[in-house]
Structures are given as C-alpha cells and as structure tokens.
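Right, one structure below, let's go through it.
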Amino acid sequence: MATEELTLRRHAHPGRKKRRGRAHTKGRQLVPAAVEEIAELLGDRPRQRDLLIEYLHLVQDKYNQISAAHLAALAEEMRIPMSEAYEVATFYAHFDVLKEGDAPLPELTIRVCDSLTCEMMGAETLLAELSDQYGEKVRVVRAPCMGRCDVAPVAEVGHHHVTTATTDSIKAAADSGHVHPDIPAYKDYDAYRAEGGYALLDACLAGERTPEELIEIMSGSGLRGLGGAGFPTGTKWNIVRGEAKPRLMAVNADEGEPGTFKDKLYLESDPHRMLEGMLIAAWVVEAETVYVYLRDEYPGIREVLLKEIAKVEAAGLDRVTKIELRRGAGAYICGEESAMIESIEGKRGLPRHRPPYVAQVGIFDRPTLVNNVETLFWVRDIVEKGADWFASQGKGDSKGLRSYSVSGRVKEPGVKLVPAGVTVRELIEEHCGGMAEGHTFKGYLPGGASGGILPASMGDLPLDFGKLEEHGCFVGSHAVVILSDQDHMGGVARNLMRFFEDESCGQCTPCRVGTEKSVKLMEADKWDEGLLTELGACMGDASICGLGQAAANPLFSVLKHFREDVT
C-alpha cells in the first residue's frame, strides 16, 4: 500500500469507506472563480463553524458534487483549516468530493438501497440491471437504509424516491427528470390549530402549567425514549432541568436503523404534534435553542418542516426557544446521540466517550436534552388525557402505545400502532394480514439490524424494553423484520455485518477492524466460528458506542439459533 494511501486511511476516517471514493488535495489552492461562486452561494448567511455541513449541502445541491476548488474556497470563506473541511466533507456519504484532476461526475446519481429488506425484495437485481443499462452515463451506487422498508425495494433518483421499485420504474423517473422530492399530504399549521393544537403550549407559555407538573405527568405515564435506548422521559427532563444554564435541546430525527420508518410516518402526516411536544419539552428544561436533526433521506419532510416551522415562528410560538433545522448527510452513526451532537456542531459524527453524558455536556458543551420524534409526538396526548391513560395501554407489565415498523415477509407491512409488549406472532397474524403467500415464518429481527435475530419458536416473547436481553436481543427502535423459510440466515447476518462495516465511523479499532474482518470471515465457504466469536466479543466489550457493541448480535444469534444456515 502506498504511503499516501496509508496516511489517508489512518488519519482521515478509516471507517465508512466503501460507498464513496477518496478525495485528496495538495494543500489549499484557491481558484478565484470558485471563491466568487462560494461567496455568492453563501450570500449573507453567517459564517459559523457549526454550519459547515449545511453549507456543504448547498454546494452539493447546486453542483451535484464538491470539487477540490469549491472545498478550498469554502474553507477559506469560513476561516477554517482545509483539513477540517476535507475530513468533514469526506466523512458523510451524501457529499461527493472530487480530488484535483477528477472528471466531473454524471449529472444524475441513482442510489439503490441494499439494506436487508430491500435485498430480500430484489435490490441486487436492480443494481445489476441499472448498471448495465446506464453504463457511465448515470452513476448507480449502493446506499444504506432509506427508511421505506415497508415498500421495498427502494431507489433514490436524485432526491426522488422510487418505492416498490423495478428497473423500469426507476428508469422512467430518471429519464423523465423526476428528480425532486415528493411532498407528502400532511396536516398543516392551520388544520392543527383548528383541532386544538398548541393550546397546551399556549398554557405553558402563559404560566398556567408548571414544568414540575409536566415532569410528574411524564414520569407517571411510563413514556420512554423511543429512539432505541428506552430511557424514562420524565427522568431525563428532570435531570436536564437540574443542570446549569444555558441549556439546549436536540430532536433525533435520524432514524437510520435498518427496518425503522415510524418517525417518517409521523413527520410526514402530523408534524405539528411533534413540534408542539418539542417546544413543550424545551419549555420544561428551559432550552434556549432546539436543534432538529433530520436525516437527509427524508427530503420531502425537510421541505414540510421548513415551511411549517416558519409558520410556528410567525405565530410567536418560538419566543422562548429558537428552532434550528439541521440536515444529516448520510451517516447511520449520527443516530447515536453524541455523534449527532458532533454533527450538529458541523463536525464528523464521531461518538463521544461517556461520561460525561450529553445531559451534562452536550451541544457546545452545554447541558442538552435529546428526545426522539415519537417520544415528543406523544407529549400532548399524555398531558391532555392523563398519565394513566397512556400507562394503561400496554400489555402485561408493559406501558403505553408503541409504533412497530414491520417489514419483510408479511402481506401488510407498515407502521403498526399497538400496545407495548405485543408479540411478533400477534403482529404478523393480527396486524399484518399473515405471512406473504408461499412463505413460512422462520425468524425475525425484533429491533432492527443491531437487535439480534430470534427463531419463530420464540415468537411469543413480548416486544418491549428489558424483555429480550436475556436472549441476546433487544427491541431498540421497534423495527421488526420478518424472515421466512426462503431466507438464508447466514446471508441475513452477512448483510447486516456489511452494513456495520460500511457505517462504522472508524474512530475505535475494535469496531473498525472487527466489522471488516468479520465480513471477510462470513464470506468464506466455511465460517471460522472460533475467530468470529472472539471478534464479536472484542467488539462488544471494547467499542466506544452501540454500533460496535451490537454489531455481532446477528452473528451470535445465527450461531445459536440457525446453525443449519451457517456455511
């Protein structure tokens, strides 16, 4: 390996390396035309360091790529080192950074999701056929989960998503120039207000409710963080409120876990219910600013939020809390709260060592409340209907309603709003119309890519926090993927490990090297179970964040429950 390449791999970002090429520039070489173009593009926007990713998006959107000249000009305009601009731009999958001398990329890029459900539904065929048809005229690339697993396979043509995709439907979108996002039909500000929306927030701002009262209601309801961690919401609000001022808040709308699409449903149908819950939470903890971090795979929702947040501001509902909408750039790791905070600050999404926790040291080192979209979506209903109403919705000792994202081999996939603690067998038979024709239930992912895999014989376990851990699994963000007798579990585990290899941020050796080596071992004709087990244990024990810690869960599950599928 050449010394230059080795240096790039070691010191830039050795993870997340398969979905894009490497960029390299020979220092900051300013091109006058590029400097003028960047200055004009930024206009009178503030040159804040934390807005670097937003401005990289401006360049990418306008030119369909980021040239070496534009990157150098942007670094100069923002008065940051070229190395910082380079390492951030090349970290994120949705920035196409060119090195000096590279030919421009084709005007159109087609991304085909190759995550588990899309692969099950024919993504590999799409990739092969599209590459054959277009050659070098259109760039066809693999992409991780796009949050539309219920309508797999999925492709993105420019910023337009083609669902239940075929080669012909993708080609039709590309050839017709349908490259812009579709705007979903949703309940706008006026419709939400007409149904009593923002009355609770008005009461809070008028002093008719107290923060302590709302914390007590949240605690009594049993509402938990629904992004995957499951931390009690009332407890989290109370902890952050007890920290020193100024305090901040972040909304995690970066649901990148393969199989998860519940937040997308709520944001594209009733966005103000989440926005009101967000502003109430910010009022409780006295957050000066709230940052909504939205994954870039939801461009239509971004257009909706830009429009509707402007209406919220025009109505003066942001008078105690400023709202900032920030755009992700294709990095699964930014679903981890501290990596998300790094990205909000305009940096690479590298998870932080903890402690300190983000409740004490978060955005710009200030105490920060982090809540998931669905968590905030329930705030208004819980306060208006009472803690007991929500708590009584669960099954057994589980509390509340949950949104299970169900995909895979069922007749009716989608978001299923049902009592917490439902079993996968109940989801399949009572809410999904049964198994797809010709398929027999074989196994399931209870919590997305990182939640492990369980056999059909364990299909009567409650899908809730704390119920699956003894089996080496967890419910996480409630992403349930149904597998059948036509799915090879060894292949399922390989797909998931490839995802973790691609999405590792590369910061820590156990995850960066462990996922890569595991993929190679799992691609062999016969698995070296001893070495795979050792690698998995090392990742679980020594990785910095949950990605590496959970990456081997599907592997261990297959070795335990599906040995007949191990090759």
Side-chain angles (χ1 to χ4, degrees), residues 1-42 47 49 51-112 127 130-143 156-159 174 179 296 329-331 346-349 502 505-506 512 516:
M1 180 181 292
T3 302
E4 180 184 83
E5 181 183 355
L6 183 61
T7 301
L8 283 173
R9 292 190 64 182
R10 284 181 176 172
H11 297 293
H13 35 78
R16 301 181 49 71
K17 58 182 175 295
K18 286 199 169 180
R19 299 196 188 276
R20 65 207 69 88
R22 287 303 187 207
H24 180 57
T25 58
K26 299 176 181 179
R28 183 181 302 196
Q29 299 181 3
L30 297 178
V31 176
V35 172
E36 292 180 6
E37 289 166 348
I38 291 297
E40 181 180 355
L41 187 61
L42 267 59
R47 271 52 169 175
R49 172 64 181 80
L51 292 173
L52 174 60
I53 294 172
E54 294 295 308
Y55 296 161
L56 287 168
H57 274 301
L58 290 178
V59 180
Q60 177 73 39
D61 288 346
K62 183 172 180 61
Y63 298 102
N64 297 313
Q65 55 209 305
I66 301 175
S67 69
H70 281 140
L71 188 60
L74 180 61
E76 177 72 15
E77 185 73 19
M78 297 189 70
R79 298 295 186 264
I80 61 175
M82 178 62 181
S83 60
E84 287 189 26
Y86 165 79
E87 69 178 12
V88 172
T90 54
F91 179 85
Y92 293 94
H94 291 182
F95 297 139
D96 299 311
V97 182
L98 305 183
K99 62 178 179 289
E100 290 182 13
D102 277 354
L105 295 175
E107 291 186 6
L108 182 63
T109 294
I110 298 175
R111 301 178 190 273
V112 179
L127 282 160
L130 289 168
S131 296
D132 288 343
Q133 288 201 23
Y134 281 112
E136 298 181 356
K137 296 179 181 179
V138 172
R139 196 168 63 121
V140 178
V141 298
R142 295 174 178 271
E156 186 181 22
V157 180
H159 288 300
V179 297
D296 198 34
K347 298 181 287 190
R348 292 179 292 168
D502 286 334
C505 75
R512 180 182 72 247
E516 180 181 0

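- Residues Gln65 and Pro104 have side chains in contact (heavy-atom distance under 4.5 Å, counting atoms from C-beta outward).
- Leu74 has its side chain within reach of Leu52: a pair of non-hydrogen atoms, C-beta onward, lies under 4.5 Å apart.
- A donor-acceptor pair is defined here as one N or O able to donate and one able to accept, closer than 3.5 Å; such a pair exists between the side chain of Asp102 and the backbone of Lys99.
- If you take CD1 on Ile53 and NE2 on His94, they are separated by 12.5 Å, rounding to the nearest 0.5 Å.
- Remark: the backbone N or O of Gly506 is paired with a side-chain donor or acceptor of Arg512 at under 3.5 angstrom.
- Looking at heavy atoms from C-beta onward, Leu98 lies in side-chain contact with Leu105 at the 4.5 angstrom threshold.
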Applying side-chain contact (heavy atoms from CB on, under 4.5 Å) to Leu127 and Arg142, what does each step give before you reach the verdict? CA-CA 8 Å; Leu127 282 160; Arg142 295 174 178 271; 3.5 Å; yes
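- Minimum heavy-atom separation, Phe91 to Ala331: CE2-CB, 4.2 Å.
- Listed for the Glu77 side chain is no donor-acceptor partner under 3.5 Å among the backbone atoms of Ala75.
- Interatomic distance, OH of Tyr86 versus CD1 of Ile66, reported as 12.5 Å (0.5 Å rounding).
- Taking both residues in full, the closest heavy atoms of Val157 and Ala174 are given as CG1-CA, 3.7 Å, listed atom of the first, atom of the second, then distance.
- By the neighbour-count criterion of 12 heavy atoms within 6.0 Å, atom CD of Gln133 is densely surrounded, having more than that number from other residues, nucleotides or ligands.
- Considering CG of Leu71 and CD1 of Ile38, their distance stands at 8.5 Å, rounded to 0.5 Å.
- Contact annotation: the side chain of Arg139 never approaches that of Ile110 to less than 4.5 Å [non-hydrogen atoms, C-beta and beyond].
- Considering only heavy atoms from C-beta on, His159 comes within 4.5 Å of Asp61 through its side chain.
- In plain terms, the two heavy atoms of Ala34 and His70 that are nearest each other are CB-CD2, 3.8 Å.
- One finds the CG atom of Leu30 at 9.0 Å from the CE atom of Met82 (value rounded to the nearest 0.5 Å).
- Applying the ring-ring contact (aromatic ring centres under 6.0 Å, His included) rule to His57 yields the partners Phe95; only residues at least two apart in sequence or on another chain are considered.
- Under the rule for a salt bridge (Lys or Arg N to Asp or Glu O under 4.0 Å), the partners of Glu84 that lie at least two apart in sequence or sit in another chain are Arg49.
- Of the possible donor and acceptor atoms, one in the side chain of Tyr92 sits under 3.5 Å from a partner among the backbone N and O of Gly349.
- Under the 3.5 Å distance criterion, the side-chain polar atoms of Gln60 are matched with a main-chain donor or acceptor of Asp96.
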